[in-house]
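Just follow the structure's listing: the first ligand is 1, and inside any ligand the first atom is 1. In this chain, numbering begins with 1 at the start of the sequence shown.
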Amino acid sequence: MLLNQLFKQAPEIEIQSINDDSRKKKPNSLFFCVKGMRFDGHQFVQDAIENGAIAVVHSEELVHYEEGILYFRVNDVVDTLNVIADLFYAEASYHLQMFGVTGTNGKESIAKIIQEVLNPDKATGNIGSDSITYGTVKLQPLLTTPNIIDLHSILKEMVDAGMKAATLEVSSVGVEQKRVQSVHFDYAIFTNLDHNHLDFHGTMQNYFEAKKKFFDDLDEKACAITNIDDPYGLKMVEDSEARVVTYGMSEEAMYSIRQYRLKKDGTSFCLKVYDQEYDIETNLVSRFNLMNLTAAIVALHESGVKMELIQERVKFLTQMEGHMQMIQEGQNFNVLVDIAHTVDGLSRVLEYATSITPKNCRIIVVNGSVGKRDKIKRQKVGNLMDQYCDMIILTEEDPRNESPREIAEEIAKGIDKTPYLIISDRYDAIRQALELADPEDTVLVLGKGNQKFMERDIGRCSYQGDVIIVKEVLKKYVLIKEGEDYEFEQIY
Ligand SMILES: CC(=O)N[C@H]1[C@@H](OP(=O)(O)OP(=O)(O)OC[C@H]2O[C@@H](n3ccc(=O)[nH]c3=O)[C@H](O)[C@@H]2O)O[C@H](CO)[C@@H](O)[C@@H]1O[C@H](C)C(=O)N[C@@H](C)C(=O)N[C@H](CCC(=O)O)C(=O)O
């Protein structure tokens with residue numbers, strides 16, 4: 001792209017790439033001096049030039065100006081980066097039907113359901129915390145919502161690969177850091193708001209405002225889809241110019257869930273769509289997924305997909321690994337792995353576990369709380385498990401540089417009546433829970449979902465993953481012992 005297409009006063013020079021990280025080698029690039037939380041990009045102009053920058057966008061006076069390099073001083077580098085990234089990558093989001101999903105819980109499930117239902121008729125990509133997928137391409141993301149340059153570049157790749165639509169998980173941190181500011185959205189979905197990222201946002205109000213900005217920035221042609229069962233649902237869209245569509249259990253919702261049945265192997269419910277009722281059957285389990293599926297149905301239907309087709313396609317959806325995943329290897333009790341790591345997410349899983357566990361049987365939970373993040377929630381997590389569970393095994397969950405045992409002890413402050421164990425090693429904790437289970441009990445393994453890493457003091461370390469561990473332990477230690485008398489080893 002020519003530099004004078006980006007800056008009116010610039011000479012006609014070819015720019016091959018745009019860059020905001022001086023550590024990356026990018027020949028003939030335009031470097032943006034972004035002020036971050038740790039560094040100020042203005043410090044790295046010289047490194048950027050050595051790595052190929054021929055032009056620099058900055059907002060502060062620089063200590064040194066090199067001959068032959070072009071400098072553009074602007075008021076706000078990130079705003080300028082947004083405009084230029086959009087232009088540089090051919091305004092890709094305008095060529096895709098864009099669905100953005102925000103909220104504490106449910107983003108990934110909703111984004112993936114929309115992608116799966118649309119895909120057979122309209123090639124659809126997905127950008128999310130677990131993966132970036134389009135066509136046959138599958139990439140591993142660094143962030144839930146990629147940074148500005150990566151995001152526009154991926155959207156362009158999707159357009160070039162023939163995608164017609166894209167779903168994107170929009171994190172509050174991403175909105176706050178203006179990562180989606182120049183992405184054009186057609187449908188924006190709000191799920192719910194619960195304690196999360198308060199280490200970053202400080203207060204619930206700031207967290208709410210970050211999410212709300214996503215809806216404030218929509219244009220009048222867009223559609224803002226909101227869950228009005230959530231106390232923040234209506235406030236979220238009150239200043240949006242977009243057309244507002246509501247969903248929830250509430251009778252006032254435009255898409256209102258009427259009767260529903262939560263079963264071990266699926267869910268059935270009646271959805272009132274404006275004034276018409278539709279019966280929906282799905283293999284997804286739990287009330288949590290019922291809400292996620294409804295949000296996805298609203299977006300799909302509002303985008304023009306017929307309800308009859310939606311009814312057909314949601315009957316058997318792909319089970320997302322580690323998301324309300326029932327694992328059955330032939331054992332005579334329930335095992336459910338879920339990523340729930342917020343108080344709200346946890347309460348929904350516990351409610352579901354209660355609904356599928358016979359009265360005289362137990363709920364055994366393996367859970368923890370992440371290190372260096374939102375410490376206030378730890379005791380609440382303990383308290384909630386105390387209300388619903390019969391046995392609690394506290395273990396590590398991305399402890400970072402905190403001690404897993406100390407985190408567990410803080411969770412335990414919220415436990416009053418339920419017996420609990422602290423087993424720091426997650427594999428051992430899962431094994432203990434599975435070995436303790438009696439017929440028809442429910443074992444919950446929560447917090448990590450399908451994540452194959454553990455954040456420790458030395459950084460991100462590889463981890464087998466809860467789903468794999470559960471399957472392995474069941475086969476190796478539990479199933480062979482069923483029917484036999486054996487003593488189990490208490491592991492601390
Ligand atoms: C707290 C946070 O969000 N940090 C993000 C932020 O980093 P930062 O502000 O610390 O940036 P910085 O390191 O100070 O650097 C400032 C600028 O100088 C540049 N730089 C820096 C060093 C250098 O040698 N040369 C150089 O050019 C950097 O490229 C950057 O442009 O900007 C970086 C570039 O975009 C992000 O990679 C980084 O995400 C970090 C890795 C992160 O973990 N973020 C998490 C909290 C996050 O964003 N999470 C959300 C939500 C997750 C969820 O709920 O699912 C997400 O969307 O993933």
(message) For atom 37 (O) of ligand 1, which of the options L143, V78, L81 provides the nearest non-hydrogen atom?
(response) L143
(message) Looking only at side-chain N and O atoms, does Y463 offer a donor or acceptor that is under 3.5 Å from a partner on Q451?
(response) no
(request) Would you check the N or O atoms of F39, main chain and side chain alike, for any that come under 3.5 Å of an N or O of ligand 1? (result) yes
(request) Output yes when the distance from some N or O of ligand 1 to some N or O of D40 is under 3.5 Å, and no in every other case. (result) no
(request) Select the closest option to atom 1 (C) of ligand 1 among M37, E176, H341, judged by heavy-atom distance. (result) M37
(request) Take Q46 and I49, measure what side-chain contact (heavy atoms from CB on, under 4.5 Å) needs, and give me the verdict at the end. (result) CA-CA 5 Å; Q46 223 37 51; I49 293 171; 4.1 Å; yes
(request) Using a strict cut-off of less than 4.0 Å between a Lys/Arg side-chain nitrogen and an Asp/Glu carboxylate oxygen, indicate whether D194 and K377 qualify as a salt bridge. (result) no
(request) For V173, take its heavy atoms, then give the atoms of ligand 1 lying under 4.0 Å from any of them. (result) 3 (O), 47 (C), 48 (O), 50 (C)
(request) Take the angle between the ring planes of Y255 and H301 and call it parallel below 30°, perpendicular above 60°, tilted in between. (result) perpendicular
(message) Under 4.0 Å, heavy-atom basis, I'd like to know which part of Q43 is in contact with ligand 1: side chain, backbone, both or neither.
(response) neither
(message) Using 30° and 60° as the class boundaries, would you call the ring planes of F7 and F72 parallel, tilted or perpendicular?
(response) parallel
(message) For the 3.5 Å polar cut-off, considering only N or O atoms, please tell me whether S22 and ligand 1 meet it.
(response) yes
(message) Please list, in number order, the atoms of ligand 1 under 4.0 Å from a heavy atom of D21.
(response) 25 (N), 26 (C), 27 (O), 29 (O)
(message) Any atom of ligand 1 sitting under 4.0 Å from a heavy atom of E169?
(response) no
(message) Using a 4.0 Å cutoff against the non-hydrogen atoms of G36, which atoms of ligand 1 qualify?
(response) 9 (O), 11 (O), 14 (O), 16 (C)
(request) Applying salt bridge (Lys or Arg N to Asp or Glu O under 4.0 Å), name anything that partners E108, two or more places apart in sequence or on another chain. (result) K112
(message) Under 4.0 Å, heavy-atom basis, I'd like to know which part of T144 is in contact with ligand 1: side chain, backbone, both or neither.
(response) both
(message) What I want to know is whether S129 and ligand 1 share at least one N or O pair that is separated by under 3.5 angstrom.
(response) no
(request) May I ask you to decide whether E60 forms a salt bridge with K35, counting only side-chain N to carboxylate O separations under 4.0 Å? (result) yes
(request) Could you list the atoms of ligand 1 found under 4.0 angstrom from a heavy atom of N147? (result) 35 (O)
(request) Please say which of T167, T124, T133 ends up in a side chain to side chain donor-acceptor pair (under 3.5 Å) with Q115. (result) T133
(request) Using distance alone, decide if ligand 1 has a nitrogen or oxygen within less than 3.5 Å of any nitrogen or oxygen in G174. (result) no
(message) Quiz question: by atom type and distance under 3.5 Å, do the side chains of Q379 and N383 form a donor-acceptor pair?
(response) no
(request) Number the atoms of ligand 1 from 1 as they appear, then name those within less than 4.0 Å of a heavy atom of R179, with their elements. (result) 3 (O), 47 (C), 48 (O), 56 (C), 57 (O)
(message) I'd like to check the ring pair (Phe, Tyr, Trp, His ring centres under 6.0 Å) partners of Y232; sequence neighbours left out, ordered by chain and number.
(response) F208
